[in-house]
Amino acid sequence: MNVENIVLDYCRRAGEALYGAQNADLQVSKTRREFVGDYTLVTFPLLKLSHKNPEATAQQMGEWIAANCPAVSGFNVIKGFLNIELGGSFWLDILRSIQTTKNYGTSPSTRRTVMVEYSSPNTNKPLHLGHVRNNLLGYSVARILEAAGNKVFKVNLVNDRGIHICKSMIAWQRYGNGETPLSSGIKGDHLVGNYYVAFDKAYKAEIAELVASGMSEDEAKKEAPIMREASAMLLKWEAGDKEVRDLWRTMNGWVYDGFDVTYKEMGVCFDKIYYESETYLLGKKLVEVGLAKGVFYRRDDGSVWIDLREDGLDEKLLLRADGTSVYMTQDLGTALARYSEFEFSDMTYVVGNEQNYHFTVLKLILKKLGYQWSDAIYHLSYGMVELPEGKMKSREGTVVDADDLMASMVEEARVMSLELGKLDGLSQQESFQVSRKIGLGALKYFILKVDPRKTMLFNPAESIDFNGNTAPFIQYTYARICSLERKVSSLGIVLCDELPTVVLDDKEIELVKLLAEYPATISAAAADHSPAIVAAYAYQMAKVYNQYYHEHPILRDGVSESDRALRLALSRVVASVILSAMSLLGIEMPDRM
RNA sequence: GGUCUCGUAGCUCAGUUGGAUAGAGCAACAGAUUUCUAAUCUGUAGGUCCAGGGUUCGAAUCCCUGCGGGAUCACCA
């Protein structure tokens with residue numbers, strides 16, 4: 001249903017017939033609003049073959065197309081631009097076919113398996129705004145890739161081991177007095193996070209004390225008793241010490257319970273969850289392979305490295321002298337294990353752009369080891385969420401907590417809905433659901449409408465808008481159409497399935513044109529791994545429909561039966577496309593608000 | 001310092017592989033509701049696309065230089 005390609009095809013045929021232009025690099029784009037026409041051909045690339053000036057070339061092309069392509073109703077030439085108009089009946093046919101297409105917008109199966117890894121939290125503190133962007137992006141990208149016809153596996157690699165976990169555990173042992181989520185009523189991830197903070201506080205105090213007694217700061221950082229305890233605990237963990245493992249399992253369990261609640265509220269989910277405690281030994285075999293191939297080398301102390309200086313990078317450690325592996329080693333091993341299991345044709349890692357270097361190296365090493373599928377790895381390198389005063393810092397207490405943020409958005413939506421009287425006549429349960437959809441929708445859209453790669457700003461002092469380019473705006477459009485349809489059925493109006501043969505006006509053509517772009521929009525968003533493209537599309541759709549809604553009465557007296565049928569049919573298609581697009585963003589739509 | 005990245009309206013952001021006179025939202029101002037939901041719609045105002053050079057029919061977009069912000073350059077993950 002890509003109308004642009006249809007028109008491009010006309011132009012190709014014209015170019016070939018007139019100038020013998022085979023495979024000419026022709027460009028067709030949507031005609032800008034200030035000109036008459038639907039699609040525009042830029043004729044400059046044809047001039048070498050036509051041996052005419054731009055105007056004459058455009059004129060000749062236009063005449064040929066108008067004469068040979070029945071769908072084209074007219075054309076005009078401005079400078080080197082040929083504006084092509086398509087007839088109303090053409091658009092009516094397009095609308096008809098959209099209307100009857102099941103799952104309109106989605107592509108047929110490509111039979112490709114793709115994986116999306118996202119979230120990947122540490123288990124020592126609750127999720128914050130940065131994780132929110134990660135989770136929303138990951139989930140949405142997965143949905144979009146699915147709509148583009150791929151078999152998608154959403155995976156989460158939980159960082160559940162390491163010194164940072166031990167810090168929370170030590171602090172809990174020291175200061176916890178047996179506190180549990182049950183005993184205190186604190187959500188598990190927050191409770192563990194509190195002890196991580198407690199560790200940091202005690203650690204700093206000990207460092208200060210040591211420095212005061214004459215020790216250098218660097219030494220104090222290593223020698224502080226609480227840090228030594230944490231390091232000792234990590235060794236015990238690695239040795240499989242029962243007591244340490246039990247506590248580790250218990251506290252991680254609290255965190256997972258907490259995460260589950262947050263994930264559920266965010267509306268994200270996974271097909272498979274990996275735990276680093278189970279994958280951190282992967283990759284050691286790969287080190288042997290690399291050594292055998294001469295890609296890696298061993299130093300005198302026994303550590304293993306790869307020299308990437310010829311590629312403009314540095315030397316990278318893969319195995320410590322004591323034989324333990326590092327982050328890169330496990331990631332290599334995990335990638336290989338996943339490829340063996342899934343043979344993915346696209347493996348997207350949703351990870352912040354602070355790890356660009358890591359992924360550049362990861363892909364390069366796999367390439368050097370001879371794994372061609374290294375090319376299938378895509379690092380969706382999203383930008384940080386910054387506050388007006390800069391990056392979020394847990395030490396300075398400027399972290400925006402995910403649970404708090406979501407709760408406050410829902411509350412804000414509730415207050416605003418009450419003020420506007422939108423909740424009148426709804427049950428408590430219904431009001432809550434409406435507020436939830438609006439509040440979370442506003443938050444999700446606010447984050448997803450921005451190009452993932454760009455750093456974005458969040459100002460906690462200014463609440464997220466509910467008007468303009470926002471989810472509530474789009475949801476409102478949808479709710480109004482639902483309301484319209486409720487009214488239709490309550491009035492007992494019976495509609496014919498067939499679209500009437502009417503003449504579409506400009507606004508209607510604009511709507512159909514936009515509807516026709518939906519499949520290409522999904523494809524573009526999938527290719528670019530960018531939910532922002534879908535968000536922009538949904539907004540544009542809602543905006544144009546709202547204008548249409550204002551100018552075109554539907555159920556009022558005096559509207560002809562055929563107009564009414566067309567307008568309702570158009571409204572229905574718009575509503576379903578908006579619903580579909582928003583679902584790709586993970587945003588739920590209320591049918592009243 | 002090396003590498004990467006960003007710089008568009010007061011603010012937050014769009015701007016497809018280079019295409020016509022640079023686009024939205026918010027904020028500001030002026031309007032629209034006897035009507036299918038005004039969380040809507042219409043209009044006004046707001047720009048040295050960081051600066052300078054280059055490439056060409058044409059540059060916010062590509063190249064170079066400079067300025068400014070951010071990330072990264074761990075035997076942390």
Side-chain angles (χ1 to χ4, degrees), chain A residues 25 27 29-35 40 42-45 47 53-54 78-81 83 120 122 157 159 161-164 276 280 301 303 305 312-314 316-322 324-328 330-331 352-358 360 381 383-384 386 388 390-391 413 416-417 419-422 438 442 446 449-451 453-459 462 465-470 472-477 479-488 491 520 524 528 532-533 535-536 539-540 542-543 546-547 549-557 559 564 567-568 571 592-593:
Chain A
D25 187 24
Q27 293 176 54
S29 53
K30 278 178 285 176
T31 300
R32 296 180 60 116
R33 192 174 295 245
E34 43 298 11
F35 302 102
T40 297
V42 182
T43 58
F44 290 102
L47 302 186
N53 65 36
I78 298 173
K79 293 199 234 169
F81 298 90
N83 299 319
S120 306
N122 290 343
L157 175 54
N159 179 9
R161 51 149 237 124
I163 189 75
H164 47 286
E276 248 187 57
Y280 80 109
D301 65 359
S303 59
W305 297 74
L313 305 168
D314 294 322
K316 192 83 190 169
L317 177 85
L318 291 158
L319 211 59
R320 296 189 185 100
D322 64 6
T324 57
S325 56
V326 292
Y327 179 37
M328 180 59 73
Q330 355 177 344
D331 248 14
N353 61 15
E354 56 205 353
Q355 291 196 36
N356 284 351
Y357 184 73
H358 174 79
T360 305
S381 163
M384 299 290 103
E386 289 190 352
K391 213 180 161 184
M416 188 167 294
S417 299
E419 274 174 14
L420 293 169
K422 300 286 188 180
I438 295 170
F446 175 81
K449 76 172 176 183
V450 180
D451 185 321
R453 293 157 197 85
K454 291 198 174 171
T455 303
M456 65 174 291
L457 191 109
F458 174 77
N459 188 347
E462 295 170 15
D465 276 320
F466 285 71
N467 302 318
N469 187 0
T470 66
F473 174 93
I474 300 167
Q475 289 169 322
Y476 179 68
T477 308
R480 275 209 299 211
I481 296 174
C482 292
S483 166
L484 208 54
E485 289 174 335
R486 279 192 298 271
K487 184 133 189 179
V488 167
L491 290 175
D528 204 28
I533 292 173
Y539 173 62
Q540 183 67 14
K543 192 176 145 173
N546 279 342
Q547 294 163 349
Y549 177 91
H550 249 261
E551 299 159 8
H552 297 71
I554 297 177
L555 299 180
R556 269 194 268 161
D557 291 342
V559 178
R564 177 172 295 167
R567 290 169 190 187
L568 278 171
S571 299
R592 63 185 76 212
M593 69 183 274

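Labels below follow one simple rule: chain letters A, B, ... track the order of the sequence lines, proteins then strands, and each chain is numbered from 1. Here the structure is a predicted model, which means the values were calculated and not measured. Note: hydrogens, waters and symmetry copies are ignored here, and every other heavy atom, side chains too, is used.
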Checklist line | Letter per nucleotide, 5' to 3', of nucleotides 72-77 of chain B [B base touched, S only sugar-phosphate touched, - untouched; heavy atoms, 4.0 Å] | finding: SS-BSB
Next item on the list: Go along nucleotides 6-16 of chain B 5' to 3' and tag each nucleotide: B for a protein heavy atom under 4.0 Å from its base, S when only backbone or sugar atoms are that close, - otherwise.
Entry: -S----SSS--
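Remark: P of B:G25 and CG of A:Asn459 are 21 Å apart, rounded to the nearest angstrom. If you take CZ of A:Arg480 and P of B:U35, they are 14 Å apart, rounded to a whole angstrom. A:Leu484 places its CG atom 13 Å from the C1' atom of B:U35, with the value rounded to the nearest Å. To the nearest angstrom, P of B:G43 lies 12 Å from NE2 of A:His550. Going from atom OH of A:Tyr476 over to atom C1' of B:C36 covers 11 Å, rounded to whole Å. A straight line from OH of A:Tyr549 to C1' of B:U40 spans 9 Å, rounded to a whole angstrom. If you take CD1 of A:Ile78 and C1' of B:U21, they are 12 Å apart, rounded to a whole angstrom. In this structure, A:Glu419 places its CD atom 18 Å from P of B:A38, rounding to the nearest Å.
Between A:Lys422 and the phosphate of B:U40, there is no side-chain N or O to OP1/OP2 separation shorter than 4.0 Å. Within the structure, every side-chain polar atom (N or O) of A:Arg564 is placed at least 4.0 Å from both OP1 and OP2 of B:C36. Applying the 4.0 Å criterion to OP1 and OP2 of B:U17, one finds that A:Gln27 has every side-chain N and O outside that range. The shortest distance between the side-chain N/O atoms of A:Asn467 and the OP1/OP2 oxygens of B:G25 is not below 4.0 Å.
A salt bridge links A:Glu354 with A:Lys391: at least one charged nitrogen is closer than 4.0 Å to a carboxylate oxygen.
Judged by distance alone, the side chain of A:Thr43 and the main-chain N or O of A:Gly80 form a donor-acceptor pair under 3.5 Å. Remark: side-chain polar atoms of A:Arg564 are paired, donor with acceptor, to backbone N or O of A:Ile554 under 3.5 angstrom. Looking at A:Asp451, its side chain does come within 3.5 Å of a backbone N or O of A:Arg453 through a donor-acceptor pair. Remark: the backbone N or O of A:Val326 is not paired with any side-chain donor or acceptor of A:Arg320 at under 3.5 angstrom.
Among B:A24, B:C36, B:U37, the nucleotide with an atom closest to any side-chain atom of A:Lys487 is B:C36. Checking B:G25, B:C36, B:U40 against the side-chain heavy atoms of A:Asn546 singles out B:U40 as nearest. The listed nucleotides are B:U35, B:C41, B:C4; the one nearest the side chain of A:Asn356 is B:C4.
Centre separation under 5.5 Å together with a plane angle under 30° does not hold for the ring of A:Phe81 and the six-membered base ring of B:G19, so they are not marked as stacked. Between A:Phe466 and B:A39, no base-stacking contact is recorded for ring centres under 5.5 Å apart and planes less than 30° from parallel.
Here, B:G7 and B:U42 have their C1' atoms 34 Å apart, quoted to the whole Å. B:A45 sits 35 Å from B:U5 when the C1' atoms are compared, rounded to a whole Å. The C1' atoms of B:U48 and B:G43 are separated by 28 Å, rounded to the nearest whole Å. Separation of the C1' atoms belonging to B:C11 and B:A28 is 12 Å when rounded to the nearest angstrom. Atom name C1', nucleotides B:A22 and B:C49: the rounded distance is 8 Å, in whole Å. Separation of the P atoms belonging to B:A9 and B:G15 is 15 Å when rounded to the nearest angstrom. Rounded to the nearest Å, the gap between the P atom of B:C62 and that of B:A20 is 16 Å. With P as the reference atom, B:A32 and B:A14 are 35 Å apart, rounded to whole Å.
As the counterpart of B:G68, B:C6 is assigned, both hydrogen-bonding distances of the Watson-Crick or G-U wobble pattern falling under 3.5 Å. Under the Watson-Crick or G-U wobble criterion, with both distances below 3.5 Å, B:G46 is left unpaired in every strand shown. In this structure, B:A60 forms no base pair with any nucleotide, since neither Watson-Crick nor G-U wobble geometry is met with both distances under 3.5 Å. In this structure B:G25 sits in a base pair with B:C11, meeting the Watson-Crick or G-U test at under 3.5 Å. Applying the Watson-Crick and G-U wobble criteria (two distances, each under 3.5 Å), B:G1 pairs with B:C73.
Among the heavy atoms of the strands lying under 4.0 Å from A:Thr40 is at least one base atom, whether or not backbone atoms are also near. Residue A:Phe473 is classed as a sugar-phosphate contact, given heavy-atom separations below 4.0 Å to backbone atoms only. Counting any heavy atom pair closer than 4.0 Å across all strands shown, A:Ser417 reaches a base atom. Among the protein residues, A:Ile438 comes within range of the nucleic acid bases, having at least one heavy atom under 4.0 Å from a base atom. A:Asn83 comes within contact range of at least one nucleobase, with a heavy-atom separation under 4.0 Å. A:Arg453 comes within 4.0 angstrom of nothing in the nucleic acid, heavy atoms only.
The shortest side-chain heavy-atom distance between A:Met593 and A:Lys422 does not fall under the 4.5 Å cut-off. A:Phe458 has its side chain out of reach of A:Glu386: every pair of non-hydrogen atoms, C-beta onward, lies at least 4.5 Å apart. Residues A:Tyr549 and A:Arg480 form a side-chain contact, since some pair of their non-hydrogen atoms from C-beta on lies under 4.5 Å apart.
Checked by atom type, the side-chain pair A:Gln355/A:Tyr327 shows a donor-acceptor distance below 3.5 Å. Checking A:Thr40 against A:Asn83 by side-chain atom types alone, a donor-acceptor pair falls below 3.5 Å.
Every residue was checked against the side chain to side chain donor-acceptor pair (under 3.5 Å) condition with A:Lys487, not counting sequence neighbours, and none meets it.
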Margin query: Under the criterion side chain to side chain contact (heavy atoms under 4.5 Å, CB included), I'd like the reasoning laid out for A:Tyr539 against A:Ile474: C-alpha separation, chi angles, the key distance, then a yes or no.
Written below: CA-CA 6 Å; A:Tyr539 173 62; A:Ile474 300 167; 4.2 Å; yes
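Along RNA chain B, the nucleotide nearest A:Met593 and the nucleotide nearest A:Thr31 are compared for position; the residue whose nucleotide lies closer to the 5' end is A:Thr31.
Across all non-hydrogen atoms, the minimal contact from A:Ser325 to A:Tyr280 is OG-O, 3.1 Å.
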